[in-house]
There are 2 protein chains.
Amino acid sequence: MTDHAKQTEASAGDPIVLIVDDDPSMRRALTNLFQSVGLKVEAFSSAAEIMEAKPPAVPSCLVLDIRLPGSSGLDLQADLAKANIHTPIIFITGHGDIPMTVRAMKSGAVDFLTKPVRDQDMLDAVQAAIERDRKRRDAEKSISGVRSRFEGLTARERDVLALVASGLMNKQVAAELGLAEITVKIYRGQIMRKMGAKSLADLVRMTDALGIPRNRGHLQT
Amino acid sequence: MTDHAKQTEASAGDPIVLIVDDDPSMRRALTNLFQSVGLKVEAFSSAAEIMEAKPPAVPSCLVLDIRLPGSSGLDLQADLAKANIHTPIIFITGHGDIPMTVRAMKSGAVDFLTKPVRDQDMLDAVQAAIERDRKRRDAEKSISGVRSRFEGLTARERDVLALVASGLMNKQVAAELGLAEITVKIYRGQIMRKMGAKSLADLVRMTDALGIPRNRGHLQT
DNA sequence: CTACGGCACAAACCTACGTATAGCTCGCAC
DNA sequence: GTGCGAGCTATACGTAGGTTTGTGCCGTAG
């Protein structure tokens, strides 16, 4: 099933490695390393520089020196998180300490490498990071369609959806919302159509993926 | 030896901190620290010792010196993972390095503290670890009932369940399995009863929680 | 003003779901 | 063999789900 060879060609574009390091020789060395295995590379010399660039639209990862001019790599990590950019980060450090490492890892860094960095370690880390980003993007994409269709629902349809997905019968939904059962049925049909759900099971999974709260949901022990 | 008495059959809910350290003074200091904030404590002097003890039945966490007689803390972490014991681990180290830290964090450690450890840091870490374990246990418990009920289903009932939860209509399930529609209906009723599902929505969520594969599931983009 | 969309309901009609009752075969344990 | 449970089906009946067609009210954008 999972074929390695076709992954490079298929998917949503070639992955890219973003490098942020103020040392030109380091940037050059890393760029060469990644290009030698066929990865696209984009290099930056400061945190500010990459924050101005547009977030990549393909699976990618960041290789980040922890010590950067201006803000530290950890600050950049926090800024990216605040900006809702979840590109996986690999840190490099010349003189890092353990608390710094722990903080970075707790904030979601995929790896934390010490100089001198062994080429293979870096490539392994980048490989893992890009794979992680690819999975995240796939998951994101799979619900984005659902989300946009949900946005197209009217307020009332959303009310009905929440209760229907909770497992209530039409008559219970009607009672809950002060409607006639026939009205609920009609909304329900519109919901199925607008959401593109072929079955109630579909609809339930969509609402769960959207994180819509259940009014009477349980799953008792 | 056995400075750890019997542990008073914890009233299911009181968390406990498990300490593994070969230094008696460290054990004593940590024990005092945790007891001062009302936490139960059990101390061990080696990895082997704690592997022989029964896994705790209450929310708990491990405070582990990375350097232990015999095996290292990282080995113990790996052994516990292999034994399917997921108690959160907080490492302490006197002379750890960054690769060690990264390895521990990647393997799921909640924190990695360097000596001398500040009391408040340790308490914060333990608090977070216990909270994490409590959540994991809650989640585990909530599906254990579902899982055991699923075990009580007959082979055919499971077949029907998988297809019904995929969103197929009774007639489609019947065609898929080479049955009459009425047969599917009857199994379906038995499934609802045995699984304790009040609605199809319930059933769908149960099957998802159990990780039962969907035959025609989609959630298209 | 008019058009449009959201909201709400009704009658009629059809399909899907669910249960009760009853009967059949097969394999397995006692 | 006898009993038992799983597996399978049928008839019959009642309930729940779902669509179509048509009506009406309200607010707002043009």
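Computed over heavy atoms, backbone and side chain alike; hydrogens, waters and symmetry mates excluded. Residue numbers start from 1 in every chain, and the chains themselves are labelled A, B, ... in the order their sequence lines are given, proteins ahead of strands.
- For the pair B/Leu177 CG and D/dA6 P, the interatomic distance rounds to 18 Å; values are reported in whole Å.
- Taking CG of B/Leu210 as the start and CG of B/Leu161 as the end, the distance is 8.0 Å to the nearest 0.5 Å.
- By the neighbour-count criterion of 12 heavy atoms within 6.0 Å, atom CD of B/Gln127 is sparsely surrounded, having that number or fewer from other residues, nucleotides or ligands.
- Relative to the ring axis of B/Phe150, B/Arg158 places its NZ or CZ within 45° and under 6.0 Å from the centre.
- Judged by distance alone, the side chains of B/Glu140 and B/Ser144 never bring a donor and an acceptor atom under 3.5 Å apart.
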Revision key, fill the gap. Readout for nucleotides 12-30 of chain D: B = base within 4.0 Å of protein heavy atom, S = sugar-phosphate only, - = neither; 5' to 3' it is ----SBBB-----------
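- Counting only N and O atoms by type, the side chains of B/Ser45 and B/Glu49 include a donor and acceptor under 3.5 Å apart.
- Distance from the side chain of A/Ala155 is smallest to C/dC7 among C/dA10, D/dG7, C/dC7.
- In this structure, A/Asp111 pairs ionically with B/Lys106, as a charged nitrogen and a carboxylate oxygen lie closer than 4.0 Å.
- Here B/Asp133 pairs with B/Arg136 in a salt bridge; the nearest charged N to carboxylate O distance falls below 4.0 Å.
- Atom P of nucleotide C/dG18 and atom CD1 of B/Ile191 are separated by 10 Å, given to the nearest angstrom.
- Using a 4.0 Å cut-off, some side-chain N or O of B/Tyr187 falls inside it from OP1 or OP2 of D/dC8.
- Residues satisfying the ring-ring contact (aromatic ring centres under 6.0 Å, His included) criterion with A/Phe91, sequence neighbours excluded, are A/Phe112.
- With rounding to whole Å, B/Gln172 atom CD is found 9 Å from C/dA16 atom P.
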Interface polar pairs with nucleotides 23-28 of chain C, N/O, under 3.5 angstrom:
none

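- Residue contacts for A/Thr183: at a heavy-atom cut-off of 4.0 Å it reaches a base atom on one of the strands shown.
- Spacing between atom CG of B/Asp159 and atom C1' of D/dA6 amounts to 13 Å, rounded to whole angstrom units.
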